[in-house]
Amino acid sequence: MPDLAAPLIAWFRSNARDLPWRAPGFSAWGTLVSEFMLQQTPVNRVIPHLAAWLERWPTPTALAGDAPAAAVAQWANLGYPRRALWLHRAAVEIRDRHEGIVPRRVEDLLALTGIGDYTARAVAVFAYGDRHPVVDTNTRRVLARALEGRSQPGAPSKGDLATMAALLPEDQAEAAIVNAAAMELGAVVCTARAPRCEACPIAHACAWRAASYPDTGDGRRRQARYEGSDRQARGAILRALRHAPTHELPEEAVASDLADRAQRDRAIDSLVADGLIEASGGTLRLPR
DNA sequence: GATACGTGGCT
DNA sequence: TAGCCAAGTAT
């Protein structure tokens with residue numbers, strides 16, 4: 001296997017974006033919050049929301065002491081609002097089980113609500129400097145191309161972690177950089193749509209390039225249509241509640257513009273089931 | 001393992 | 001413009 005670590009490290013040292021969570025002294029809590037926000041939301045949309053969030057809640061305990069409603073409202077238009085609820089739950093768990101300190105062990109991080117294989121290792125590596133493989137969608141695409149000669153990765157699997165682990169240098173600090181560099185490369189050079197191979201530090205060792213860029217992107221499912229969907233209806237209801245003075249509104253006033261009554265009721269029921277809203281006496285509100 | 005889950009920018 | 005895409009997780 002070619003040594004990808006050395007060129008990745010060199011490239012990252014001179015090309016890494018100046019992102020807030022890479023600033024020296026950025027807290028583990030800040031890293032955790034940033035990773036929650038970055039779960040499926042683009043970097044540029046996260047940055048201003050992250051700053052506002054940390055100003056309001058500088059510690060897990062501060063967030064845990066506030067109502068879930070405050071978290072869901074502050075989440076604004078970042079998307080997938082259940083992440084706000086999960087982040088609040090994680091803060092409560094950190095306060096109650098870890099004395100208010102973001103845990104360092106992957107096992108403990110995985111036990112927190114809303115944290116999976118990616119986020120647990122991202123916090124352990126980027127906040128605490130420990131040596132673990134960190135694999136996100138960018139890294140999976142980079143590895144699929146460089147090592148397998150495929151244009152897109154296959155389904156996520158535990159094997160991804162083993163593959164990345166095999167590329168990491170022994171040195172802890174360098175291993176962390178390789179993890180970050182693989183993600184960064186996928187985000188800005190080895191992109192899904194129009195990769196900039198002329199700027200790639202590992203192009204010389206890339207199996208996809210050597211194979212003349214075959215299109216192996218078969219079998220990819222299309223994202224469901226959003227316009228007119230139940231998800232859009234949920235979003236409209238939540239947006240109305242976020243903007244309401246006390247985060248509550250009469251059920252009849254919520255999303256009255258939703259033409260499909262059955263769809264509105266479905267959306268309300270599913271939001272209640274998810275814990276994102278509460279319903280009682282004809283009133284809808286964000287969770288207290 | 002497939003599916004549900006927001007929102008907005010880009011092509 | 002309709003579709004693609006974005007630092008995933010839980011069920």
Side-chain angles (χ1 to χ4, degrees), chain A residues 12 16-17 19-22 30-50 72 75-87 89-90 109-127 133-143 151-161 164 176 179-188 190-195 215 217 219-242 255 266-267 269-271 273-277:
Chain A
F12 187 79
R17 290 170 293 175
L19 300 172
W21 43 90
R22 291 176 180 164
T31 299
L32 179 56
V33 173
S34 75
E35 295 300 348
F36 264 87
M37 290 183 172
L38 288 164
Q39 290 169 4
Q40 299 284 278
T41 298
V43 165
N44 288 336
R45 195 136 51 97
V46 163
I47 290 174
H49 287 283
L50 174 64
V72 173
W75 197 257
N77 63 342
L78 281 173
Y80 291 150
R82 52 176 51 171
R83 288 180 293 156
L85 200 56
W86 291 343
L87 177 52
R89 287 180 191 164
L109 287 159
L110 281 172
L112 298 174
T113 301
I115 292 190
D117 283 330
Y118 165 74
T119 303
R121 290 170 179 79
V123 170
V125 172
F126 301 136
V134 182
V135 176
D136 76 336
T137 188
N138 289 306
T139 292
R140 296 197 326 104
R141 184 174 54 252
V142 167
L143 297 182
S151 61
Q152 303 293 342
S157 78
K158 294 291 183 185
D160 301 336
L161 287 174
M164 190 61 195
N179 279 310
M183 293 169 61
E184 185 78 353
L185 188 68
V188 304
C190 192
T191 53
R193 194 111 40 127
D215 179 6
R220 311 187 65 211
R221 284 187 315 284
R222 286 220 306 269
Q223 198 166 2
R225 179 182 180 82
Y226 182 63
E227 198 63 33
S229 67
D230 284 11
R231 291 163 76 169
Q232 187 182 44
R234 284 166 53 107
I237 292 166
L238 230 35
R239 178 165 50 253
L241 290 172
R242 282 201 308 267
R266 250 190 341 267
D269 287 347
S270 70
L271 286 169
D274 287 347
L276 278 166
I277 69 173

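Residue numbers begin at 1 in each chain, while the letters A, B, ... track the order of the sequences.
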field: From CZ (A/R141) to CG (A/N138), nearest 0.5 Å
entry: 5.0 Å
Length of the CG-P vector between A/L238 and B/dA4, whole Å: 19 Å
message: Whether A/R82 contacts B/dT7 is assessed here as follows: a side-chain N or O lying under 4.0 Å from the phosphate OP1 or OP2. Is that the case?
response: no
task: Specify the separation, in whole Å, of atom CZ of A/R83 and atom P of C/dA6.
output: 15 Å
query: Rounding to a whole Å, what distance do you find between A/M37:CE and C/dG8:P?
result: 15 Å
- request: When you get a sec, tell me which of B/dA4, C/dC5, C/dA7 is the closest nucleotide to the side chain of A/Y118?
  value: C/dA7
message: What contact category does A/L19 fall into here, base, sugar-phosphate, or nothing, at under 4.0 angstrom with non-hydrogen atoms?
response: base
statement: Closest to the side chain of A/R193, out of B/dG9, C/dA6, B/dG6, is B/dG9
- prompt: Tell me: CG of A/L32 to C1' of C/dT9, nearest whole Å?
  reply: 14 Å
- request: Compare the minimum distances between each of C/dA7, B/dG6, C/dA10 and the side chain of A/W86, then state the nucleotide with the smallest one.
  value: C/dA10
- request: Send over the distance from A/D117 CG to B/dG1 C1', rounded to a whole Å.
  value: 15 Å
- prompt: Does the side chain of A/T139 reach to within under 4.5 Å of the side chain of A/V142, using non-hydrogen atoms?
  reply: no
task: Please state the P separation for the pair B/dT3 and C/dA7 - nearest whole angstrom.
output: 23 Å
message: Apply side chain to side chain contact (heavy atoms under 4.5 Å, CB included) to residues A/D160 and A/L143 and explain how you reach the verdict.
response: CA-CA 9 Å; A/D160 301 336; A/L143 297 182; over 6 Å; no
- prompt: NA contact type, A/A122, heavy-atom cut-off 4.0 Å: base, sugar-phosphate, or nothing?
  reply: nothing
task: May I ask you to say what A/L78 touches in the nucleic acid, namely base, sugar-phosphate or nothing, with a heavy-atom cut-off under 4.0 Å?
output: base
- line: A/V46 and A/M37 have their tightest heavy-atom pair at CG2-O, 3.4 Å
message: Does A/R140 reach a base, just sugar-phosphate, or nothing at all? Heavy atoms under 4.0 Å.
response: nothing
- prompt: Which part of the nucleic acid does A/T139 contact within heavy-atom distance under 4.0 Å: base, sugar-phosphate only, or nothing?
  reply: nothing
message: Determine whether a donor-acceptor pair (one donor, one acceptor, N or O, separation below 3.5 Å) exists between the side chain of A/Q223 and the base of C/dC5.
response: yes
A/D117/A/R121 ion pair, N-O < 4.0 Å: yes
query: Contact class for A/W75 vs. all strands (heavy atom < 4.0 Å): base, sugar-phosphate, or nothing?
result: nothing
- request: Find the distance A/D136:CG to C/dA6:C1' and express it as a whole number of Å.
  value: 11 Å
query: Can you find a donor-acceptor pair, distance only, under 3.5 Å between A/R45 side chain and B/dT7 base?
result: yes
- request: Could you pick out which residue, A/A155 or A/Q39, lies toward the 5' side of DNA chain B when each is mapped onto its nearest nucleotide?
  value: A/A155
statement: From CD of A/E227 across to P of B/dG9 the rounded distance in Å is 15 Å
- prompt: Does the A/S270 side chain pair with the main chain of A/A267, one donor and one acceptor, at a distance under 3.5 Å?
  reply: yes
query: What does A/P156 touch in the nucleic acid at a heavy-atom separation under 4.0 angstrom: a base, only the sugar-phosphate, or nothing?
result: nothing
message: I need the CG-C1' distance between A/L38 and C/dC5, as an integer number of Å.
response: 15 Å
query: NA contact type, A/G79, heavy-atom cut-off 4.0 Å: base, sugar-phosphate, or nothing?
result: base
Closest listed nucleotide, where the reference is the side chain of A/N77 and the choices are B/dC5, C/dC5, B/dG8: B/dG8
- request: Identify which nucleotide among B/dG6, C/dA10, C/dA7 has an atom closest to any side-chain atom of A/A187, counting heavy atoms from C-beta outward.
  value: C/dA7
query: Would you say C/dA7 has OP1 or OP2 under 4.0 Å from some side-chain N or O of A/S34?
result: no
query: Counting any heavy atom closer than 4.0 Å, what does A/T119 reach on the DNA or RNA strands: base, sugar-phosphate only, or nothing?
result: sugar-phosphate
- prompt: Which of the following nucleotides, B/dT7, B/dG6, C/dT9, is nearest to the side chain of A/R234?
  reply: B/dG6
- request: Check every strand shown and say whether A/D230 touches a base, only sugar-phosphate, or nothing at a heavy-atom separation below 4.0 Å.
  value: nothing
field: Heavy-atom donor-acceptor pair, A/T41 side-chain to B/dG6 base, under 3.5 Å
entry: yes
query: Using a cut-off of 4.0 Å on non-hydrogen atoms, how would the nucleic acid contact of A/Y226 be classed: base, sugar-phosphate, or nothing?
result: base
task: Determine, stepwise, if the pair A/R140 / A/V135 fulfils side chain to side chain contact (heavy atoms under 4.5 Å, CB included).
output: CA-CA 7 Å; A/R140 296 197 326 104; A/V135 176; 3.2 Å; yes
task: Please determine if a side-chain N or O atom of A/Q40 lies less than 4.0 Å away from the OP1 or OP2 oxygen of C/dA6.
output: no
